[in-house]
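Note that the coordinates shown come from a computational prediction; the quantities given were computed from them, not determined experimentally.
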Amino acid sequence: MQKTILITGSTDGIGFETAKMLLAQGHQVLLHGRNATKLQQVEQNLAASVEGAKVQGYVADLSNLPAVKQLAEAISHDHPKLDVLINNAGVFNVPNAITKEGLDLRFVVNTFAPYLLTTLLLPLMNASGRVVNLSSAAQATVNLNALAGEGKLSDGEAYAQSKLALTMWSRLMGLAQKSRGPMVVSVNPKSLLGSKMVKDAYGIAGGSLSIGADILCRAALSEEFNHAHGQYFDNDLGQFASPHADALNEQKSEAVLAAIEAQIAKLV
């Protein structure tokens, strides 16, 4: 059965490879990118390379939360139903790590934006829907002051903390939605795959992006993820596993979620 699937950050890297795989399987794929010209080129490329491809592009800068809201509104206007949301977009090192609002851009893009987008798109998703959040093996205890824009973090610290925060809210939302859906899961696609982010951050070629795309397709569609509500899949191990201990701590997770919602409320 054809599904409608939104993939953020799908103009390159794992997101692009996942879009290709899903289009080849006959699904309708909603692409997202920050650059309108690049997004249009990718949309045309995919439409030409996959016979009968049903593909549609949406532009939004995920470091701008009002733009995230506009993205959700555009998708809701165009599509009465969304089957799968893959929150793939993420950043590690950027020229300017502080947004105009004074927040760390890694937290905004990697944590706040996917939470806001997911929350706004939940009404389009039914019990069989799925939300797949791109986590990482790099997870570190969240500094609530840094999350609120107070104090500076290194690239590695900000990335690891933002990914743990994402994993925390994924678990809380997944458990909260368990009885009604959609299924919400966080996934480490595998460490050091050859994405632009990995190349820029570590200066290495990295592993095949198809490894990450394959696990995202499985998380989006396969039966093995039917009951993965709130769980964490570690593709370095090839199985469901325990995330950072803080993600299993209800008190810490609730504190992080409250801080996320407080920042979003200020900006949207």
Visitor: State, to 0.1 Å, how close Ala137 and Asp236 come at their nearest heavy-atom pair, and which atoms those are.
Guide: CB-OD2, 3.6 Å
Visitor: Does any non-hydrogen side-chain atom of Gln161 lie less than 4.5 Å from one of Phe107?
Guide: yes
Visitor: Specify the closest pair of heavy atoms between Ala165 and Thr111, including all atoms of both residues, with the distance to one decimal.
Guide: CB-CG2, 3.6 Å
Visitor: For a side chain to side chain contact (heavy atoms under 4.5 Å, CB included) check, start with the C-alpha distance between Ser170 and Val185, then their side-chain angles and the critical distance, and finish with the verdict.
Guide: CA-CA 6 Å; Ser170 298; Val185 66; over 6 Å; no
Visitor: Given side chains that start at C-beta, do those of Val108 and Leu62 come closer than 4.5 Å, heavy atoms only?
Guide: no
Visitor: Nearest heavy-atom pair of Pro189 and Ser135: which atoms, and what distance?
Guide: CD-O, 3.7 Å
Visitor: First locate atom CG of Leu22, then atom CD of Gln28, and finally report the distance between them rounded to the nearest 0.5 Å.
Guide: 12.0 Å
Visitor: Starting at CD of Gln44, measure out to CG of Leu39 and round the result to the nearest 0.5 Å.
Guide: 10.0 Å
Visitor: Please step through side chain to side chain donor-acceptor pair (under 3.5 Å) for the pair Glu17 and Ser210, ending with a clear verdict.
Guide: CA-CA 6 Å; Glu17 294 299 322; Ser210 64; over 6 Å; no
Visitor: For a side chain to side chain contact (heavy atoms under 4.5 Å, CB included) check, start with the C-alpha distance between Ile86 and Arg130, then their side-chain angles and the critical distance, and finish with the verdict.
Guide: CA-CA 8 Å; Ile86 301 178; Arg130 295 186 179 185; over 6 Å; no
Visitor: Quick check on the hydrophobic clustering: are Met21 and Val187 connected, directly or via other members, by side-chain heavy-atom contacts under 4.5 Å?
Guide: no
Visitor: For residues Leu122 and Gln177, determine if any side-chain heavy atom of one lies less than 4.5 Å from a side-chain heavy atom of the other.
Guide: yes
Visitor: Would you mind reporting whether Pro114 and Trp169 have side-chain heavy atoms less than 4.5 Å apart?
Guide: yes
Visitor: Do Asn145 side-chain atoms and Glu150 backbone N/O form a donor-acceptor pair below 3.5 Å?
Guide: no
Visitor: Does any pair with a residue in residues 58-69 pass side chain to side chain donor-acceptor pair (under 3.5 Å), and if so which ones, sequence neighbours excluded?
Guide: Gln56-Tyr58, Tyr58-Asp78, Tyr58-His79, Asp61-Ser63
Visitor: Restricting to non-hydrogen atoms, name the atom on Pro182 and the atom on His229 that form the minimum distance, rounded to 0.1 Å.
Guide: O-ND1, 4.4 Å
Visitor: Would you find more than 12 non-hydrogen atoms of other residues, nucleotides or ligands less than 6.0 Å from Gln239 atom CD?
Guide: yes
Visitor: Is there side-chain contact between Pro243 and Leu248, with at least one heavy-atom pair below 4.5 Å?
Guide: yes
Visitor: Taking all heavy atoms of Ala213 and all of Thr18, pick out the closest pair and write down the distance.
Guide: CA-OG1, 3.3 Å
Visitor: Is it the case that over 12 heavy atoms from other parts of the model lie below 6.0 angstrom from the CD atom of Glu261?
Guide: yes
Visitor: Rounded to the nearest 0.5 Å, what separation is found between the CG atom of Leu31 and the CD1 atom of Ile5?
Guide: 11.5 Å
Visitor: Give the C-alpha distance, both sets of side-chain angles, the deciding distance and a yes or no for side chain to side chain donor-acceptor pair (under 3.5 Å) between Thr118 and Asn87.
Guide: CA-CA 8 Å; Thr118 301; Asn87 284 309; 2.9 Å; yes
Visitor: At their closest point, which heavy atom of Asn110 faces which heavy atom of Ser162, and how far apart are they?
Guide: ND2-OG, 3.0 Å
Visitor: Do His244 and Tyr232 have side-chain heavy atoms sitting under 4.5 Å apart?
Guide: no
Visitor: Step through the shown structure and confirm whether more than 12 heavy atoms of other residues, nucleotides or ligands are within 6.0 Å of CZ on Arg34.
Guide: no
Visitor: Could you tell me if the side chain of Lys81 sits less than 4.5 Å from the side chain of Leu124, heavy atoms only?
Guide: no
Visitor: Give a yes or no on whether Val132 and Phe240 share a hydrophobic cluster (residues Ile, Leu, Val, Met, Phe, Trp, Tyr; joining criterion: side-chain heavy atoms under 4.5 Å apart).
Guide: yes
Visitor: Mark yes or no for whether Arg106, through its side chain, and Phe92, through its backbone, hold a donor-acceptor pair below 3.5 Å.
Guide: yes
Visitor: Start with the C-alpha gap between Ile264 and Thr119, add the side-chain angles, then the distance that decides, and say whether side chain to side chain contact (heavy atoms under 4.5 Å, CB included) holds.
Guide: CA-CA 11 Å; Ile264 289 175; Thr119 302; over 6 Å; no
Visitor: Does Ile260 share a hydrophobic cluster with Val268, counting links as ILVMFWY side-chain heavy atoms below 4.5 Å and allowing steps through other members?
Guide: yes
Visitor: Could you grab the distance from atom CG of Asn45 to atom CD of Gln41, nearest 0.5 Å is fine?
Guide: 9.0 Å
Visitor: Count I, L, V, M, F, W, Y as connected when their side-chain heavy atoms are under 4.5 Å apart, and connections chain through other members. Are Leu175 and Leu257 then in the same cluster?
Guide: no
Visitor: When you compare the side chain of Leu209 with that of Phe16, does any pair of heavy atoms fall below 4.5 Å?
Guide: no
Visitor: Salt bridge (charged side-chain N to carboxylate O under 4.0 Å, His left out) for Glu250 and Arg171? Distances and angles first, verdict last.
Guide: CA-CA 10 Å; Glu250 297 294 328; Arg171 181 173 181 274; 2.7 Å; yes
Visitor: Could you tell me whether Gln251 atom CD has more than 12 heavy atoms of other residues or ligands within 6.0 Å of it?
Guide: no
Visitor: Can you measure from NZ (Lys20) to CG (Leu23) and round to the nearest 0.5 angstrom?
Guide: 10.5 Å
Visitor: Do any N or O atoms from the side chain of His32 and from the backbone of Ala60 form a donor-acceptor pair under 3.5 angstrom?
Guide: yes
Visitor: Hey, could you give me the NE2/CD1 distance between His27 and Ile7, rounded to the nearest 0.5 Å?
Guide: 10.5 Å
Visitor: Do Leu134 and Leu216 pass the side chain to side chain contact (heavy atoms under 4.5 Å, CB included) test, and can you show the C-alpha distance, the side-chain angles, and the key distance before you say yes or no?
Guide: CA-CA 9 Å; Leu134 266 285; Leu216 294 190; 3.5 Å; yes
